[in-house]
Amino acid sequence: MPELPEVETIAAILRHGSDDQPPVTGRQILDAHLLWERTLATPPSAVFKARIVGQTIIDSGRRGKYLLLPLSADTLIIHLRMSGDLFVESVTEPPALHHRLMLDLEGRLRLAFNDTRKFGRVWLTSDPGAVLGRLGPEPLDPAFTAGDLYQRLQTRRRQIKPLLLDQSFLAGMGNIYTYEALNLARLHPLIIANTLTEEQTEQLWGAIRQVLADGIRSNGASIDWVYRGGSYQHHFRVYKRAGEPCPECGTTVERIVVGQRGTHLCPRCQPLPGSD
DNA sequence: CACGAGACCTGTTCGC
DNA sequence: TGCGAACAGGTCTCGT
């Protein structure tokens with residue numbers, strides 16, 4: 001589930017709580033249990049527990065797709081990758097299948113990192129910049145303008161879709177929101193980045209911000225067996241709609257492969273210049 | 001710089 | 001029904 005809107009949603013739940021979860025901010029970490037060694041990127045597991053126990057969770061935020069939990073001395077950084085998720089539950093619950101890291105908190109609570117596919121990673125560091133250093137701009141930052149995007153596109157000769165997925169170009173876009181944005185902007189995923197006109201760039205910039213903002217407003221998307229209560233999946237225009245009519249023009253939605261990732265598009269709304 | 005392939009993992013869905 | 005292949009929200013590394 002985790003692209004920018006889903007990570008934003010989780011960060012907000014950890015900060016403010018939800019209907020069935022109290023907030024974790026302000027709580028001290030009393031114990032730590034690492035259940036899958038490779039989940040921990042740094043420090044070595046031998047020092048992780050001794051270092052994190054006793055620290056208090058100060059806040060909860062996000063940068064790109066990284067979840068940031070500033071602690072009293074360090075920052076806990078979590079990347080959910082493909083299947084990661086975070087739960088706040090009672091310490092009395094038996095650890096669920098696929099829990100990889102559990103932090104016992106004040107108030108008999110537990111913050112659990114659950115990650116079926118084991119791709120997710122956790123960092124405990126005093127220097128978040130070392131982990132986040134190469135991320136591109138935040139697409140929803142008010143300071144990020146269409147002109148900025150146009151500037152950044154000028155030096156790139158890559159196909160637009162893999163470029164938007166490149167986190168050093170723009171932080172937070174994932175596979176689904178990227179092709180949803182390209183569909184909304186009526187741009188083919190294979191268009192070469194520096195051939196976009198200023199007008200097309202403006203469309204793309206608006207579409208990116210719209211799909212992300214709508215995703216956040218819907219509390220993210222709930223897909224397949226991963227469910228968190230988000231509802232943005234009901235707004236998807238082309239995702240998993242290959243073979244169905246485009247909501248815009250009725251043409252059959254196609255699925256192609258770009259950079260080894262499935263990509264959905266409407267061939268009529270999103271024509272590729274120079275081919276027919 | 002750009003691209004493709006392979007790796008890392010488990011679970012579900014698809015096609016025969 | 002069974003079984004292997006393909007596929008899934010991400011990113012890293014290596015070779016060309």
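A note on names: the letters A, B, ... follow the listed sequences, proteins ahead of strands, and every chain is numbered from 1. Any value given below was found using the heavy atoms of this structure, including those in side chains, with hydrogens, waters and symmetry copies removed.
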Q | Whichever hydrophobic residues join A/V47 through chains of side-chain contacts under 4.5 Å | A | none
How far, in whole Å, is [M] from [N] if one measures between their [atom1] atoms?
N     : M      : atom1 : value
C/dG9 : B/dC14 : P     : 15 Å
C/dC7 : B/dA5  : P     : 13 Å
B/dG6 : C/dA5  : P     : 15 Å

Whole-Å distance separating the [atom1] atom of [X] from the [atom2] atom of [N]:
X      : N      : atom1 : atom2 : result
A/D166 : C/dG10 : CG    : P     : 13 Å
A/R117 : C/dT11 : CZ    : C1'   : 12 Å
A/D115 : C/dA8  : CG    : P     : 18 Å
A/L80  : C/dG10 : CG    : C1'   : 10 Å
A/L165 : C/dA8  : CG    : P     : 13 Å
A/D85  : B/dT10 : CG    : C1'   : 15 Å
A/Y179 : C/dG10 : OH    : P     : 9 Å
A/K65  : C/dG9  : NZ    : C1'   : 8 Å

Nearest to side-chain heavy atoms of [X], which nucleotide of [options]:
X      : options              : result
A/L97  : B/dC9, B/dG11, C/dG9 : B/dG11
A/H98  : C/dC7, C/dG9, B/dG11 : B/dG11
A/R261 : C/dC7, C/dT11, B/dC9 : C/dT11

Q: For residues A/P139 and A/L4, report the shortest heavy-atom separation together with the two atoms involved.
A: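 Reported closest heavy-atom pair: CG-CD1, 4.0 Å.
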**Q.** B/dC8 phosphate, OP1 or OP2, under 4.0 Å from A/K118 side-chain N/O
**A.** no
Q) Can you give one letter per nucleotide of nucleotides 1-7 of chain B, 5' to 3': B if a protein heavy atom sits under 4.0 Å from the base, S if only from the sugar-phosphate, - if neither? A) -SSSBB-
Enumerate all atom pairs, one protein N or O and one N or O from nucleotides 12-16 of chain C, separated by less than 3.5 Å.
none

Q) Can you pull the side-chain hydrogen bond (donor to acceptor under 3.5 Å, both in side chains) pairs that have at least one residue in residues 244-257 of chain A, sequence neighbours excluded? A)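 Matches after skipping sequence neighbours: A/R237-A/E248.
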Q.
So that I know where these two stand, are A/W205 and A/Y150 an aromatic pair - ring centroids less than 6.0 Å apart?
A.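 Distance test on ring centres: not under 6.0 Å, no.
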Q. Do we count A/F119 as stacking onto B/dC8 if the rule is ring centres under 5.5 Å and planes under 30°?
A. yes
Q | salt_bridge(A/K118, A/D115) N-O dist < 4.0 Å | A |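 A/D115 and A/K118: not salt-bridged.
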(Q) Ring-plane angle category for A/H235 and A/Y232, please: parallel below 30°, perpendicular beyond 60°, tilted otherwise. (A) parallel
Q: Give the ring-plane orientation class for A/Y66 versus A/H79, where under 30° counts as parallel, over 60° as perpendicular and anything between as tilted.
A: perpendicular
Q.
Tell me whether A/R156 forms a cation-pi arrangement with A/F169, defined as NZ or CZ under 6.0 Å from the six-membered ring centre and within 45 degrees of its axis.
A.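 Cation-pi check for A/R156 and A/F169: fails.
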Under a 3.5 Å cutoff, is there a donor and acceptor pairing between the side chains of [X] and [Y]?
X      : Y      : answer
A/S168 : A/D166 : yes
A/T145 : A/D148 : yes
A/H264 : A/N183 : no

Donor-acceptor pairs are to be reported for all side-chain atoms of residues 52-64 of chain A against protein atoms at under 3.5 Å, with residues two or more places apart or in another chain.
unit_1, atom_1, unit_2, atom_2, d
A/Q55, OE1, A/A73, N, 2.8
A/Q55, OE1, A/D74, N, 2.9
A/Q55, NE2, A/R51, O, 3.0
A/Q55, NE2, A/D74, OD2, 3.0
A/S60, OG, A/A11, O, 2.7
A/R62, NE, A/E8, OE1, 2.7
A/R62, NH1, A/G64, O, 3.0
A/R62, NH1, A/E138, OE1, 3.0
A/R62, NH2, A/E8, OE1, 3.4
A/R62, NH2, A/E138, OE1, 3.1
A/R63, NH1, A/G136, O, 3.1
A/R63, NH1, A/E138, OE2, 2.9
A/R63, NH2, A/L135, O, 3.4
A/R63, NH2, A/G136, O, 2.9

Q | DNA chain C base-pair string [pairs: Watson-Crick or G-U under 3.5 Å; |: paired with another strand] | A | .|||||||.|||||||
Q.
Students often get this wrong, so: under 4.0 angstrom with heavy atoms, is A/R38 touching a base, only sugar-phosphate, or nothing?
A. sugar-phosphate
